[in-house]
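Structure provided below as structure tokens; questions to follow.
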Amino acid sequence: SEFSEPHPTFDEPRKVAIQLYDSDLEKVNHNLSTIYNILKEYPAESLKVVVIAYGNGVRALKTDYDAATLKRIKSLVEYDVEFIVCKNTMETMKWTEDDFIDDASFVQAGIVELIERQVDGYIGVIAY
């Protein structure tokens with residue numbers, strides 16, 4: 001792919017916000033594959049990727065989710081992909097931060113985080 005102007009750089013990276021609102025194993029893994037594809041195309045220093053989980057998608061970041069998928073998620077964390085969990089969903093389901101992967105961060109409302117990231121220049125993506 002040819003990058004559009006302005007080209008992504010360290011100072012002006014491409015910023016991508018992936019919405020994760022479904023915990024279906026096939027869909028979650030499709031999202032993860034999409035992230036790997038994005039990472040392959042951009043130099044690491046010119047890209048920021050965040051995954052915002054809300055609704056049913058929050059389940060995919062729980063420690064008791066599919067082990068192979070969690071391994072893929074941990075691999076993405078090593079590439080500086082940020083995973084954010086919606087506390088509103090957690091509260092509804094009576095889950096605590098201890099129920100989630102160590103590298104997750106938490107916001108009160110996942111959908112609001114997505115909106116604010118887009119205002120901040122992130123491109124919102126629904127990968128499936």
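Sequence positions, counted from 1, serve as the residue numbers for this chain. What you are looking at is a predicted structure, and each value in this text was computed from that prediction instead of being measured.
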Hydrophobic clusters here meaning ILVMFWY residues chained together by side-chain heavy-atom distances under 4.5 Å, can you tell me if Val81 and Val58 are in one?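 Yes, one cluster joins them.
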Assess whether ring-ring contact (aromatic ring centres under 6.0 Å, His included) is satisfied between Tyr36 and Tyr79, documenting all intermediate values. CA-CA 10 Å; Tyr36 281 112; Tyr79 286 97; 7.0 Å; no
Set of salt bridge (charged side-chain N to carboxylate O under 4.0 Å, His left out) partners for Asp64, sequence neighbours left out: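 Listed in chain order: Lys62.
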List for me each residue that meets side chain to side chain donor-acceptor pair (under 3.5 Å) alongside Glu12, sequence neighbours excluded, and say none if there are none.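 For Glu12, no residue satisfies side chain to side chain donor-acceptor pair (under 3.5 Å) once neighbours in sequence are set aside.
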Would you please name every residue forming a side chain to side chain donor-acceptor pair (under 3.5 Å) with Tyr122, sequence neighbours left out?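 For Tyr122, the residues satisfying side chain to side chain donor-acceptor pair (under 3.5 Å) (neighbours in sequence not counted) are Arg117.
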What residues form a salt bridge (charged side-chain N to carboxylate O under 4.0 Å, His left out) with Asp120, not counting sequence neighbours?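 Residues passing salt bridge (charged side-chain N to carboxylate O under 4.0 Å, His left out) with Asp120: Lys15.
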Closest non-hydrogen atom pair between Arg14 and Ser4, with its separation: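 Minimum heavy-atom separation between Arg14 and Ser4: NH2-O, 2.9 Å.
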If hydrophobic clusters are built by linking Ile, Leu, Val, Met, Phe, Trp and Tyr wherever their side-chain heavy atoms come under 4.5 Å apart, do Met93 and Ile52 end up in the same one?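 Not linked; separate clusters.
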Same hydrophobic cluster for Leu25 and Leu70, using side-chain heavy-atom links shorter than 4.5 Å among ILVMFWY?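 Yes.
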Would you say Thr34's side chain and His30's backbone share a donor-acceptor pair under 3.5 angstrom?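 At least one qualifying donor-acceptor pair exists.
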Could you give the distance from CG (Asn31) to CG (Leu20), rounded to the nearest 0.5 Å?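 Those atoms lie 5.5 Å apart.
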How far does CD1 of Ile38 sit from CD1 of Ile35, to the nearest 0.5 angstrom?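 Answer for the CD1-CD1 pair, Ile38 versus Ile35, is 6.5 Å.
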Return the minimal non-hydrogen interatomic distance between Gly124 and Gln118, and the atom names on each side.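 The answer is CA-NE2, 3.1 Å.
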Where at least one partner belongs to residues 27-44, residue pairs that pass salt bridge (Lys or Arg N to Asp or Glu O under 4.0 Å), sequence neighbours excluded: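 The answer is Asp22-Lys27.
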Separation between CD of Glu113 and OH of Tyr54, rounded to the nearest 0.5 Å: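 One finds 12.0 Å between CD of Glu113 and OH of Tyr54.
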Greater than 12 external heavy atoms within 6.0 Å of Glu5's CD: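 Counting other residues, nucleotides and ligands, CD of Glu5 exceeds 12 neighbours.
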Side chains of Pro13 and Leu47, heavy atoms from C-beta outward: is any pair under 4.5 Å?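 With C-beta onward as the side chain, the pair stays apart.
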Kindly assign one of parallel, tilted or perpendicular to the pair Trp95 and Phe100, based on the angle between their ring planes and the thresholds 30° and 60°.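 Rings of Trp95 and Phe100: perpendicular, over 60°.
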Gap between atom CG of Asn29 and atom CG of Asp24 - 0.5 Å precision: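 Answer for the CG-CG pair, Asp24 versus Asn29, is 9.5 Å.
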Heavy-atom pair with the smallest gap, counting every atom of Asp66 and Thr69: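 Here Asp66 and Thr69 meet closest at OD2-OG1, 2.7 Å.
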Would you say CG of Asp102 has more than 12 non-hydrogen atoms from neighbouring residues, nucleotides or ligands within 6.0 angstrom?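 No, the 6.0 Å shell around CG holds no more than 12 heavy atoms from other groups.
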How long is the gap from CD on Gln108 to OG1 on Thr89, to the nearest 0.5 Å?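 Output value for this atom pair is 10.0 Å.
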Please determine whether residues Val50 and Leu39 belong to a single hydrophobic cluster, defined as Ile, Leu, Val, Met, Phe, Trp and Tyr linked transitively by side-chain heavy-atom distances below 4.5 Å.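 Per the 4.5 Å side-chain linkage, Val50 and Leu39 are not co-clustered.
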To the nearest 0.5 Å, what is the distance between CG (Leu76) and CG (Asp103)?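 Rounded to the nearest 0.5 Å, the CG-CG separation comes to 11.0 Å.
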So, using side chain to side chain donor-acceptor pair (under 3.5 Å) as the criterion, who are the partners of Ser33 when residues are at least two apart?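 Ser33 satisfies side chain to side chain donor-acceptor pair (under 3.5 Å) with Arg72 only.
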Do Phe83 and Val107 sit in the same hydrophobic cluster, where Ile, Leu, Val, Met, Phe, Trp and Tyr count as joined when their side-chain heavy atoms come under 4.5 Å apart?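 They do not share one cluster, since no chain of ILVMFWY contacts under 4.5 Å joins Phe83 to Val107.
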Do you know which two heavy atoms are closest between Val28 and Ala60, and how far apart they sit?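 So the two residues come closest at CG2-CB, 3.8 Å.
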Charged N to carboxylate O below 4.0 Å: is that the case for Glu97 and Lys87?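 Between Lys87 and Glu97 there is a salt bridge, with a charged N closer than 4.0 Å to a carboxylate O.
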For the residue pair Met90 and Phe106, what are the closest heavy atoms and their distance?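 Closest pair (atom of Met90, atom of Phe106, distance): SD-CD2, 3.4 Å.
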Looking only at non-hydrogen atoms, find the nearest pair between Asn88 and Ala109 and report the distance.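 Shortest heavy-atom separation between Asn88 and Ala109 comes out as ND2-CB, 3.6 Å.
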